[in-house]
Every structure is written in C-alpha cells, then in structure tokens.
Amino acid sequence: MMPQTVIFTTLLVASLLFFCWSVYRRFSLVYFGQPEDRLDQPARRLSEMFLYAFGQLRVLRKPFGLNHFVIFWSFVILALANGEFLVNGVFPSVSLALLPEGVHRVLLFAFDVVSLLTLFAIAFSFIRRLVVKPPYLDSLYVKGRSPEAFAILSFIALLMLAYFGLHGALIALQTEGNSSAMPVSSLVGAWLGQHPSLIPTVYLVSWWVHAFVLFAFICFLPHSKHMHILTAIPNCYFGALTWPATQPREKFEKGAVYGVGAVERFTWKDLFDSFSCTECGRCQAACPATNTGKALNPRQVVHAIKTNLMENSHALREGRSGTLPLIGDEGEGTNTEEAIWACTTCGACIEACPVLIEQMPKIVKMRRHLVETESRFPEELLNLFENMEQRSNPWGIAPGERAKWVSTLPVQPFVAGETEYLLYVGCAGSFDSRAKQVTVALATVLNAAGISWGILGKDEKCCGDSLRRLGNEYLFEKMALENVEIFRERGVTKVITLCPHCLTTLKNDYRQYGLELEVVHQSELIAELIRSGRIKLDRKDDSLGRIAYHDPCYLGRHNDIFDAPRTLVEAATGTAAVEAERHGRNSFCCGAGGGRMWMEEFTGERVNHARVDELLAQKPDTICVACPYCMTMVEDGLKDKGAGQVRVKDVVEVLAEGLLRKNA
Amino acid sequence: MLVVVCVKQVPDTTQVQIDPVTNTLIREGVPFIVNPYDTHAVEQALRFKDRFGCRVAAISMGPPNAEATLRKALAQGVDRAVLLSDRTFGGADTLATSKVLAAAIEKLAQEEEVGVVICGKQTIDGDTAQVGPGIATRLHFSQLTLVDRVDELDLSAKKIRVSRKLEGRHEHVEAPLPVLLTVVRELNRPRYPTVAMRLESADAQVEVWDNKVLQLDANGIGLKGSPTWVSRIFSPERAKGEMLGDGVHDPEGAAQLLIDKMLEKDLLAL
Ligand SMILES: Cc1cc2nc3c(=O)[nH]c(=O)nc-3n(C[C@H](O)[C@H](O)[C@H](O)COP(=O)(O)OP(=O)(O)OC[C@H]3O[C@@H](n4cnc5c(N)ncnc54)[C@H](O)[C@@H]3O)c2cc1C
Ligand code: SF4
Ligand code: SF4
C-alpha cells in the first residue's frame, strides 16, 4: 500500500469515527424529549420533504434563496464526486470510471459545471454577508457573520478550487481521457500545460487540500449550524402536517406537569427542531416583536433550546435535571419571561422558516408552565383571568349585557331546526363599542341576503382564545367544555363568526373536544353570497377613497382566508384594495394576538405603530380590517400617529354601507 | 400559630340590577364571587404562612353554596376551610355575623393558638366595614383596620407593625398579638392558584359547622339576634345631568352636542 493511501485511510477513519461520535452525542439528546407522533401519513410527509427540503420552497421566497438553492443542489450532486474521492483515496482502483463511459461523461460534465456554479454562489454568499448585510443576519447569540460561517464558506470554495486543480492537473498530464466533458477543468489543464513545472505541485496540493477540507468538514459539521445539512431534510419529513398554531390539549390530573419549564419537557420534535435551525434569521426578520425592539426573537428561542439542552446534557444523562434554567435571566440558553410574553402568536415565524421549525408553539408551551405551574405572569393578566373566569369576557362586563347590541334591530334567538346559522358574536362584537357597530353591519348584511341566523344572547360565552394563547390552558379547557356543551345542547352545527379569533378557536381548537362545527368567518360567507348573486351591488361606492387592506393574522395566516375580505371591498367599491408592503401570508401583526391585546407594551416601538406606518405608506383614505382586535390596534395607532383623518372600517361595514346606499 | 382569614361570598355587584318597580335588588341569576377585599386578606395570610410557616384557616359564614368561596381559598393555599352554615345563622346583621365568626375563631383557638385574624376592609354588598371590628371586640384582640402594608410581624415579641391607609395620610402603628387586621386592596396582589393547587383543592375537605358545633344561644344569632332591619332599599334619583343622544346612534352628533353644551356653560377654556 502506498503511504499516501495509508495516511488518507487513517485520517478518514478517524474523521468518520469522530463524526459518528459527535452525531451520536447530539442526537441522543433528542431522546430526552417527550413523545409526539410524527410518523403518521408517510406519503404526505415524503411529499412535504421533497417540496420543502429538496424543492427549497420556502428558501426561494427570499431573493438570495436562489443562491442557497444552487449551493444545496450542488452539494447533492457533488456528494457523488466527493464520495468517489473518498472511496478512491482508500481503494485507488475504484472510481466512477468503472461506470459505462456515457454515464461517466455526463457525471464529469455535471461535476465540472456545478463546481463552477458553486464558486459563484459562494462569492454571492460573501457579498451578501459583507456588502448587502440584510439586517436579520445577526442576533444576540447567533451571528450570521460569525467566523464559523466564513470558515465554512471558505471551505466550500477551497473544495471547488481543489477540484479544478486536481482535474486540471490530470488533464495536463493527459491521464484524463474525458477532458472534453470537463470544460472548466480543461481550461485549468490548458493553463497548466503552459506551466508544466507546476503540474506535480498543483496535483499534490489539490489532492491533499481536497482531502483535508473534506475531513475538516466531516469533523466540524455536527458541531456547527451546518448540522442542518443533516437534520433539515428529516425535519421537513417530521414537520407538522396541519398548520401547527393550535396547541395540543393537556391532561389535568394530580401530579401532572403542565407546560414546559425545563428543556426535557419539550417533545423530541421540539428538540430536533433546535438542531435543525439553519440560523437563517428569516423568522426574526418576520417577527413583529423582534422588529419593534422587544426581548423576543424566535430564532433566539430555538437557539436557546439547543444551547440549554447541550449545557444540561451532562445532568440529563445522569438522570438529574439541568442547572441552566430554560426560563430565567438573560443569557445564552435561557429564555427571559419578558421574551416569552412578547409573542403575539402571529405565526409569521412558522410561515417563514425554510425547514418547517415550529417556533411559536414552543413559546406557548413555556407560557403554560409560567401560568399553570409557577403562577407568574404580567400583572395585567390577573384581571383578565379573573374576568374570564367570573364573567366569561375579557373586560369583566356583566354577562347580562352581552345582547345589548341588538337594541337597534330585531334579532332572533338561535333555535335548532329553525335557524340555519348561529351568529357567534364574540366578546368584542358584544361589548366593545366600535366592534358593536360591526356586529350591527353584519346583521344588516345577513338580513339583506335573507340568511337564516340567530344568536345565543345572554347564554353566549367567551370562546377562550386569549386564554389558550396565553398558556392558561386550565381555564381555557373549562370554557371550551362549557361552550362545547352549549353548542351540543342547542343543536348548533353551522356558525358565523365576526372575529377571526373566535373563528380559529371554534373551528380548530374545539375540534380537539370532538366538536365538528361548520364555522365560517363573516367575510367568507358574504363573499360566497356575492359570488352566488344573493347579494348584488349595482352602484359602486367610492366615498371611502383609497382603501388599504390589513390581513389579520388569525384570518389570513392561521386560517388561509385572504381573498374573501378583499372580495367584499371590491364588490362594494368597484376597486381592489391596495396592499401593504407585507400582506397576505407575510402580513405583519397588529400587535393584539396571543393575549397581547390585554397587556401593556413597554419596550421598544409599539407593534401597532409599526403596522400603521406601513399601511399609511400606501396613502390610504380608509384602512380595512376584518378583526375587532385589529380594529382597535389600527384605530389607536392612527390616533397616536396623528393620522385620525384615515378611517378604519371592517370589510363588512364597507359592504353594509354599499347595501344601504343601494336601498336608499 | 394559626392565622384565620374571614371570607365572604358576595353577589357580583357589577351584575346586580335594581328592580325599577319594587326598587329592590334583583339577585336572581347573579353569580357569586369572593368579596374582593377578602382575596387580599387571604393573600396576606398566605404570606405569613410562606414567611413563618404558620397554618392558615379560612372561615366563612353563609349558605351551603358559599363552599365555593372557601374552595378558592384552598386553591390559593390555605390549610383548612370551615363553612359556618345553619338556618339559624341566616338573616344576620353585622352584630350577629361577628358573634358567629368570633365563636368559630374561639373554637379554632382551642386546637391551636390564634395569633392573627384577617378580614377585608368591607364587603361590596353590605359595605358596613363593621364585622372585623365586631370580631376583634368580642375576642378582645388588638384591632388594626385599613391596613395597606405589614411592616413587621414579630412572633417572639408577639407584636405587629403596620401602616394604615387613612384619608390623605398613612398611620404607622404597632400592636400586641393577638391582633385582627382589616385590609385594603393596596396591601398586595393576590396570587393566582396554580393548576396543581386547584386540583388539590377540588377534593380537599371543607368542614361545615352548624350551631350544634358552635352551641350559641339561638336568640343572639341570625335574624333573631339582629337588631338592624331594612326598611327600604332604593336607588337614589339623579338630581342633575341629562342624557345626550340615545347612547346607540350617531355618536359624532352626541359628541358635538356635548361640546356645544360645554362651550355654552364655559367649561372648555380655550
Ligand atoms: C341594613 C342591612 C340589612 C341587611 N339585610 C340582610 C338580609 O336581610 N339578609 C341577608 O342575608 N343579609 C343582610 N344584610 C347583610 C348582612 O348583614 C351583612 O352582609 C353581614 O352582616 C356582613 O356585613 P358586611 O357585609 O357589611 O360586612 P363588612 O363588615 O363590610 O365586612 C368586613 C369583613 O368581615 C368579614 N366578613 C363579613 N361577613 C362575613 C361572613 N359572613 N363570613 C365571613 N367573613 C365575613 C370579611 O372579611 C369582610 O371583608 C344586611 C346588611 C345591612 C347593612
Ligand atoms: S408568533 Fe409572531 S410574535 Fe411570536 S415569535 Fe413568532 S413571529 Fe414573533
Ligand atoms: S428557526 Fe427557521 S427561520 Fe428561524 S433562524 Fe432557524 S431556520 Fe431560520
């Protein structure tokens, strides 16, 4: 055996052993997580994996995503070339040349071109990090521009250069019979042909550089964020098959543990998520809390879980719980309570993540721990919780006043068999003076379209949305059970909601209690009525001027309702609403979700101010919303910004006004 | 040492309406809550428990459904809950109420020395603020009302130092134990029960004591022992003021009317 082969083989075996040990050390930590079924529906999972991991669907949403797409696919293709190199290093007689000539030539051509593409992509990556510098590259503990990142990029570039050096030298030595299939290497070969003295050195250096870079990669990979090369693909396979914003139920029994207060209380998938983070910062770029200077950064949450798990791994392996707290003072590997409470549960992070990490549900799990086990939460919430428990509405208004909005028009109670739809008015629509106007508008439209509907009146209770997102699952469960009972007793099967929060709770959350209702948001139902011609507006009304539409998170991102509210605006005004820079799936939260509606906002810029600024940039005369919380936040934001001349309307109000004008 | 808190179940007065015809309170369908001041009394007792490891008993006089109120106190962490319930206790005024409560405290004291009794400043239904002082008088305890801060409880020297919130001023006072405190809301922020405590309290036992246990003279308690009687309940007429608009339609118009009125009366300095 040649000494070169011996050294190579020894180093390769050592690297592989180190790699296996490192991977084992890390992945075995995932087993400390709680059970969670992510193995169902393998066919669907495979297709998700192909779409998101191999298709890089989410990666491609950002301009530089194409660059990553190129690097990813180069990696896949060059894995074959590198595999050949490693095998060939140990068994010099084995190479791809053993394949049929035609196939070999195609492969060589692909390797050559792809390596060049990769070099360009790496150059772009450097430019992105050094010149373009998107603001979301860095966060407190995770730096997109860390030495590690540059080292990895340089490694890849070196690998490509070594590839060309090696093959160029072989071509120059005329030992490579397939040079015509390798355009780039041939160029290098031609150049070397003019400098024959360099050939042996270039060959030797390239060969060893190629070898060492590969070994370094193998050793370094499991210890860096580039671990995602290994984990992202399975993570996409194990990703949630339904939109994961609906939190799982808890079992309330003596001795049970609620929420997540220590890292091992997360599920194995939560822990695996943390190892799959590519540290791309997309979630942080999308997060309304991070964007307005709050303590929360979803990428940091994921990173904290990984760091905490590794810091505490020693203790966990010994069957003790770790010493680094998961929730505590500021520090790497710990989430602060302030951060945990800053989340609006808007879901923008989940939507942004290229590798299907579920950040927000982890935050809610930690909230559950704080509320249910520690009884620690921002002061304002005590009132909310008491009001919810005692009076079944967030404001603590007497339940008897729930049906007061009906004083201006005749409204029937819901009677099973006689009334088709239950109009679930919700707390805002019942008690908030501005939202009550929306309820009246909705009632007017429903009547105009001849819909059979009724209300529960004083018997209606709060759906409990805020409680669930705030982690007060115990109280939520109590209210959910009560509501499910009422719906069953009263024979409710079809429900119209005014508020996207009621919509999501009745439709997605109550399903966990075995209640399958047909729940529609008012805008969906009305859009359908317009389509089917049951609502006709012949005269278009342009008195509202230029209308900008704001997508409520719980209507859009959480429930996929994007077109219906826009249909209402267009039907009434004859013109499509203008769009804010971030809209549709990428809409930016108003700041009220996740129970933030009931909390003070002390740090940084107010989320509603940031959103209102963005909406005002479209120079609207009217801002349309489809959620009572958004209504409050946008109205308040406009007042604070001195833009009180801009009106805020719910889409159903726009339509109702159109109808009234038509009848007038 | 035992700390006793007195908690009362009261109708949620925000939901009580006055019958326009009879001028009496419509109590039907009105949910009951723990008298808000009493939740602060419970919290203070629990803080003593956290700090000194003393035991806490909550007592309440009321109908059988007042048990819910005591369960809430159990969920927050009190060790023992006693419901004083007997037909003969019914219809009590503040005098008769404090007699029964004082007797119950004396009975508890037979098992364990009572160092501190804590009551709310007043209730939101009766609003008299007399029961606490009534108990203290009957038990010959020091009496510190309107406490908004506890500065020191010295168990060995058997004394307590507190701040009392009076109109426009605070009074710092010290008194020997045993003591009865009545507390105001500024004193603390009541704790929210953890789920574990709630589940625990759901099957904890609430003791029920009737008059067979307390053995009080039936003529001195309940309706018979109450010299106070209600001759009339009414809501005071609005002497001044008027409604602008109908409260539903045309808010802008109503606001304009309001501004006009204020300008007319020269209430808006421009
Ligand atoms: C004029 C009048 C007429 C009334 N008529 C009736 C009637 O017909 N029927 C009827 O049921 N009630 C009636 N009440 C109510 C009843 O007399 C009082 O509610 C009761 O005596 C307690 O007084 P209070 O609510 O003013 O308590 P306060 O003296 O304001 O209470 C102070 C504190 O004492 C403690 N406390 C008071 N009551 C209790 C209790 N029951 N158990 C435990 N702790 C307690 C609490 O810590 C409370 O915060 C009447 C009250 C008044 C003033
Ligand atoms: S749900 Fe919204 S607010 Fe919460 S972490 Fe994700 S992006 Fe940020
Ligand atoms: S959690 Fe997802 S979106 Fe956020 S940094 Fe990691 S990979 Fe990127």
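Numbers restart at 1 for each chain; the letters A, B, ... are given by sequence-line order, proteins then strands.
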Should the pair R198(B)-E253(A) be classified as a salt bridge under the 4.0 Å nitrogen-to-oxygen rule?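 Between E253(A) and R198(B) there is no salt bridge, as every charged N stays at least 4.0 Å from the carboxylate O atoms.
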Residues, nucleotides or ligands: over 12 heavy atoms within 6.0 Å of E338(A) CD: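 No, the 6.0 Å shell around CD holds no more than 12 heavy atoms from other groups.
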NZ/K265(B): more than 12 non-hydrogen atoms of other groups inside 6.0 Å: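 Result for NZ/K265(B): open.
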Heavy-atom distance under 4.5 Å to chain A: side chain of I33(B), backbone, both or neither?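 When you check distances to chain A, only side chain atoms of I33(B) fall under 4.5 Å.
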Of all the heavy-atom pairs spanning [X] and [Y], show the shortest one and how long it is.
X: Y474(A); Y: L199(B); answer: CE1-CD2, 4.0 Å
X: F377(A); Y: R189(B); answer: O-NH2, 3.4 Å
X: T373(A); Y: T194(B); answer: O-CG2, 3.2 Å

Where does Y258(A) contact chain B at under 4.5 Å (heavy atoms): side chain, backbone, both or neither?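 Side chain only.
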Chain B contact via E477(A) - which portion, at a heavy-atom distance below 4.5 Å: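 Answer is neither: E477(A) stays 4.5 Å or more from chain B.
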For Y192(B) and E386(A), what are the C-alpha separation, side-chain angles and deciding distance, and is it a side chain to side chain contact (heavy atoms under 4.5 Å, CB included)? CA-CA 9 Å; Y192(B) 192 69; E386(A) 295 288 353; 4.3 Å; yes
Do the non-hydrogen side-chain atoms of P251(B) and Q437(A) ever get within less than 4.5 Å of each other?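 Yes, side chains in contact.
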Find the one option among [options] whose heavy-atom pairs under 4.5 Å with chain B are most numerous.
options: A256(A), G396(A), P399(A); answer: P399(A)
options: K404(A), Q390(A), K436(A); answer: Q390(A)
options: V371(A), N472(A), V440(A), I397(A); answer: N472(A)

Using the side chain to side chain contact (heavy atoms under 4.5 Å, CB included) rule, take E250(A) and V195(B) through it: C-alpha gap first, then chi angles, then the decisive distance, then the call. CA-CA 11 Å; E250(A) 285 190 312; V195(B) 173; over 6 Å; no
Gap separating the CZ atom of R376(A) from the CZ atom of R191(B), nearest 0.5 angstrom: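 With rounding to 0.5 Å, CZ (R376(A)) is 13.5 Å from CZ (R191(B)).
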